[in-house]
Asks: 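Can you read through this structure? Questions will come right after.
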Amino acid sequence: MERFRPELNAHGVTDQQWRIIRVLADFGPAEILTISELCVIHPASLSRILPKLEEDGYITRRTNEADKRRVIVSLTEEGRAFFDSFAPHSQAVYAAIEDAIGYDRARELCDLLDHVIDALSEPQGRTQS
């Protein structure tokens, strides 16, 4: 994140806020638990982050008509514009990382990290090697 933070901070956006914006840009409107899972942010932490994103005009929240207990979060036009303006920087950072370590190693690293996440998500005692 060291390569992303300076530019994000210049726009007043945190790492976690960027992850939320990116998920909403990629997947569209989503419920809080879905965003929590996709962003790997605890729902309680997410509920503290969302008001700031809403205040800044990046997201809107509305109640799910089918189940009033659930909240659907959507990216606003301003949120989409921020995503569109920051995405090229993000892609350039990822490209520089890939150039530094090589495509095969970057792919290996992503695969290994996915494996670690999956293994640690299993109930204790059921991990695979």
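Computation of the quantities below employed the complete heavy-atom set of this structure, encompassing side-chain atoms and omitting hydrogens, waters and symmetry-equivalent molecules.
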Asks: Output the distance between atom CD1 (I20) and atom CG (L53), rounded to the nearest 0.5 Å.
Replies: 5.5 Å
Asks: Do Y58 and V13 have side chains that approach each other closer than 4.5 Å (heavy atoms only, starting at C-beta)?
Replies: yes
Asks: Side-chain heavy atoms under 4.5 angstrom apart, residues restricted to Ile, Leu, Val, Met, Phe, Trp, Tyr: same cluster for L75 and L50?
Replies: yes
Asks: Charged N to carboxylate O below 4.0 Å: is that the case for R19 and D15?
Replies: no
Asks: Hey, could you give me the CZ/CG distance between F82 and L8, rounded to the nearest 0.5 Å?
Replies: 5.5 Å
Asks: Hydrophobic clusters here meaning ILVMFWY residues chained together by side-chain heavy-atom distances under 4.5 Å, can you tell me if I72 and I59 are in one?
Replies: no
Asks: So, taking the atom named CD1 in I21 and the one named OG1 in T76, what distance separates them when rounded to the nearest 0.5 Å?
Replies: 8.5 Å
Asks: Tell me if the CZ atom of R61 is crowded by more than 12 foreign heavy atoms within 6.0 Å.
Replies: yes
Asks: Any idea which heavy atoms bring P51 and S47 closest together, and the distance?
Replies: CD-O, 3.1 Å
Asks: Of the options R22, E7, Q91, which is the one that meets F86 in a side chain to side chain contact (heavy atoms under 4.5 Å, CB included)?
Replies: E7
Asks: Any chance you could measure L112, atom CG, to I117, atom CD1, to the nearest 0.5 Å?
Replies: 10.0 Å
Asks: Taking atom CZ of R107 as the centre, report whether more than 12 heavy atoms of other residues, nucleotides or ligands fall under 6.0 Å from it.
Replies: yes
Asks: Please answer: with hydrophobic residues joined when any side-chain heavy atoms are less than 4.5 Å apart, are L24 and F83 in the same cluster?
Replies: yes
Asks: Could you pull out the closest heavy-atom pair between V23 and C39, with the gap in Å?
Replies: CG2-SG, 3.5 Å
Asks: Same cluster for Y94 and I101 if Ile/Leu/Val/Met/Phe/Trp/Tyr side chains link at under 4.5 Å?
Replies: yes
Asks: Please round to the nearest 0.5 Å and tell me the distance separating atom NE2 of H89 and atom NE2 of H11.
Replies: 9.0 Å
Asks: Got a second to check how far D84's CG is from E77's CD, nearest 0.5 Å?
Replies: 11.0 Å
Asks: Please name the pair of heavy atoms, one in H42 and one in S36, separated by the smallest distance, quoted to 0.1 Å.
Replies: C-OG, 3.8 Å
Asks: On a heavy-atom basis, which atom in F4 and which in S90 lie closest, and how many Å separate them?
Replies: CE2-OG, 3.5 Å
Asks: Taking a hydrophobic cluster as the set of Ile, Leu, Val, Met, Phe, Trp and Tyr residues connected by side-chain heavy atoms closer than 4.5 Å, whether directly or through intermediates, do L38 and L46 fall within one such cluster?
Replies: no
Asks: Is a donor on one side and an acceptor on the other found under 3.5 Å between the side chain of T63 and the backbone of V71?
Replies: no
Asks: Testing the basics here: between G12 and Q17, what is the closest heavy-atom pair and its distance to 0.1 Å?
Replies: O-OE1, 3.7 Å
